[in-house]
2 protein chains.
Amino acid sequence: MRRTQDERKAETRQRLLDAATALIAERGVAGTSIDALAEAADRTSGAVYAHFGGKEGVLVALLDELKDAVAAAIVEESQADDDDDQHLEVLWRNFVAPPPLAGDVWVLLEHELWLYACRNPEARPLVAARYESARRGIADAVAADDGESDDAVGTLLIALMIGLEMQRRLDPAAVPDEVAYRGMRALLESR
Amino acid sequence: MRRTQDERKAETRQRLLDAATALIAERGVAGTSIDALAEAADRTSGAVYAHFGGKEGVLVALLDELKDAVAAAIVEESQADDDDDQHLEVLWRNFVAPPPLAGDVWVLLEHELWLYACRNPEARPLVAARYESARRGIADAVAADDGESDDAVGTLLIALMIGLEMQRRLDPAAVPDEVAYRGMRALLESR
DNA sequence: GTCTATAGATTGATAGAC
DNA sequence: GTCTATCAATCTATAGAC
C-alpha cells in the first residue's frame, strides 16, 4: 500500500524544516548550505527549491511554523500555578529550555533568526511579531492573579531572561538561579 | 621617504581588523569570506593568512582588540554624574551606541561574537571575559554613590539592556525609554 | 611579510528525466 | 513534486616570486 503524493510531500516539507532547525542552530543561517540542508533531510537540493524557492523561503516557513508555539509553551505551564514566585521560577525554566525544542537548539536558533531579521527587512515583521506575542503572553501570565495586565512587564521580563540566558551560556556560574529570580521579582514588583 | 616595514605591517593589521569589524557585523562570521575581508582592507587573502593564520585568528585578534574597550566606554561617562537616575540614562544611551563603534555595528557584532563563542569552546573564555568585565564595570559604576558594589546588579542590568536593545531593533516603539529606565531602576533598587 | 596565481572543494541555482 | 546532473561562481588554503 503506497502513501499518497500529499503525504510524501508533507513529510519532505517537515523533514526539511526539522533539518533547518537543527542545522541553523548549529552552524548559523549563512553557515548552512542548501545542499547540507537537503542532505540532512535525506533529500536533494532540488527539493528545497521546489518547496521553498530557496534559503529565504525556508526561513520564512520556519518562522511561520515556530510562530507563537514557543511563546505559548513558555507561558502555558506558568498559568497552572497560583503562587506568584513559582510563576517566575517556571517561567524562567521554560524560557531556558521550552518543551517544543531542546534548550540548546532553541536559544541559538532564536538568536540566528534575530540577526537574520536585523539584516533582512522583509523578515523583520515576522520576527517582531514573535516577540510581540511573547510579550503579551508573559504579561498575561504574570497578571493572572490580580487581573491587571501590563505590557511593559512582559517587555522587561523577556529582556531580562534573554540577557541572563546569554550570560549563562558563556559562564553558567555567572548567573545563579537566585539572581535571576531576584531580578524577575524586582521587575514584577515595579508595576 | 619610505615608511618602515613595521609601520606597513601595523597598518595592514589594523585595516584587516577594521574590515572584519564592519563585514562581520554586516554579514556575520560565516557570511564573511577571507577574500571579501582582504578586499575590503585593500589587501589580498594571503595577508590574512600571514597575519592571523585564518578566520579564527582574525576573530581572536578582534576579541582581543575590543576586549574591555567597549565596557570601559559604556561605563566611563556614567561615572561623571552624581544623580542616580541620570547614571542609568547615560548607561542606557551608551549601551545602545557606545562611542568607540557606531551603534548599528556594535550590537550586531556583539551578537555574532556571542554566537561564535557558543559554538567554539576555544573562543568562549575570551567572550566570557568581556561580559565579566562589563558586569564589574557596571556594578562599580552604579555603586559609586554608596560605595557598596554588588556584582549581581551588574549581571541583571546588562541582561536587561541586552534584551531591551534586541526588542528595540525589531520594533523601536515596543521599547520606550521610560520602560527601560523603569526596569533599570527596579533592578537597581532590588539591592 | 606581502603579494600573485592557482588548485581543489563547495556553493547556489537551473535544466531535464521520471 | 522530486530527483540526477551539471555549470558558473565563490571559497579556502597553499606555493612561490619579490
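Letters go in sequence order (proteins before strands), and every chain restarts at 1.
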### Task
Before giving the answer on side chain to side chain contact (heavy atoms under 4.5 Å, CB included), spell out for B:Val127 and B:Tyr116 the whole-Å C-alpha distance, their side-chain angles and the decisive distance to 0.1 Å.
CA-CA 9 Å; B:Val127 180; B:Tyr116 184 79; over 6 Å; no
### Check against side chain to side chain contact (heavy atoms under 4.5 Å, CB included), A:Leu66 and A:Arg130
CA-CA 9 Å; A:Leu66 292 180; A:Arg130 282 171 61 61; 3.5 Å; yes
### Task
Apply side chain to side chain contact (heavy atoms under 4.5 Å, CB included) to the pair B:Tyr131 and A:Asp171, showing each step before the final yes or no.
CA-CA 9 Å; B:Tyr131 280 79; A:Asp171 178 8; over 6 Å; no
Expected list for residues 18-30 of chain B: side-chain donor-acceptor pairs under 3.5 angstrom, two or more places apart:
from    : atom 1 : to      : atom 2 : distance (Å)
B:Asp18 : OD1    : B:Gln14 : NE2    : 3.1
B:Thr21 : OG1    : B:Leu17 : O      : 2.9

Review item, side-chain donor-acceptor pairs of residues 173-188 of chain A, under 3.5 Å, at least two apart:
from     : atom 1 : to       : atom 2 : distance (Å)
A:Asp177 : OD1    : A:Trp92  : NE1    : 3.1
A:Asp177 : OD1    : A:Arg168 : NH2    : 2.6
A:Arg182 : NE     : B:Ser190 : OG     : 3.2
A:Arg182 : NH1    : B:Asp150 : OD2    : 3.3
A:Arg182 : NH2    : B:Asp150 : OD2    : 2.9

If you look only at distance, which donor and acceptor atoms sit under 3.5 Å apart when one is on a side chain in residues 154-166 of chain A and the other is two or more places apart or in another chain?
from     : atom 1 : to       : atom 2 : distance (Å)
A:Thr155 : OG1    : A:Asp151 : O      : 3.3
A:Glu165 : OE2    : A:Arg169 : NE     : 2.8
A:Glu165 : OE2    : A:Arg169 : NH2    : 3.3

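Counting to the nearest Å, the P atom of C:dG1 and the CZ atom of B:Arg15 are 18 Å from each other. Protein atom CG of B:Leu37 is 12 Å distant from nucleotide atom P of D:dC11, rounded to whole Å.
Follow the hydrophobic side-chain contacts under 4.5 Å out from A:Val96 and you reach B:Leu115 in the same cluster.
For A:His111, the ring-ring contact (aromatic ring centres under 6.0 Å, His included) partners at least two apart in sequence or on another chain are B:His111, B:Trp114. Among residues two or more places apart in sequence or in another chain, the side chain to side chain donor-acceptor pair (under 3.5 Å) test is passed with A:Thr12 by A:Arg43. Scored by the side chain to side chain contact (heavy atoms under 4.5 Å, CB included) test, A:Ser33 finds A:Asp35, A:Ala36 as partners (sequence neighbours excluded). Residues satisfying the salt bridge (charged side-chain N to carboxylate O under 4.0 Å, His left out) test with B:Arg119, not counting sequence neighbours, are A:Glu112. Partners of B:Leu126 under the side chain to side chain contact (heavy atoms under 4.5 Å, CB included) rule, at least two apart in sequence or in another chain, are B:Val60, B:Leu63.
Residues from residues 48-55 of chain B that place a heavy atom under 4.0 Å from any atom of DNA chain C, listed by number: B:Ala50, B:His51. Residues of residues 20-34 of chain A that place a heavy atom closer than 4.0 Å to DNA chain C, in numerical order, are A:Ser33, A:Ile34.
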Atom pairs, N/O to N/O, protein against nucleotides 3-7 of chain C, distance under 3.5 Å?
from  : atom 1 : to      : atom 2 : distance (Å)
C:dC3 : OP1    : B:Arg8  : NH2    : 3.1
C:dC3 : OP1    : B:Arg43 : NE     : 3.4

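Salt-bridge annotation for B:Glu11 and B:Arg8: absent, with no side-chain N of the basic residue lying under 4.0 Å from a carboxylate O of the acidic one.
Between the axis at the start and the axis at the end of the helix from C:dG1-D:dC18 to C:dC18-D:dG1 there is an angle of 0°, using five pairs per end and rounding to 10 degrees.
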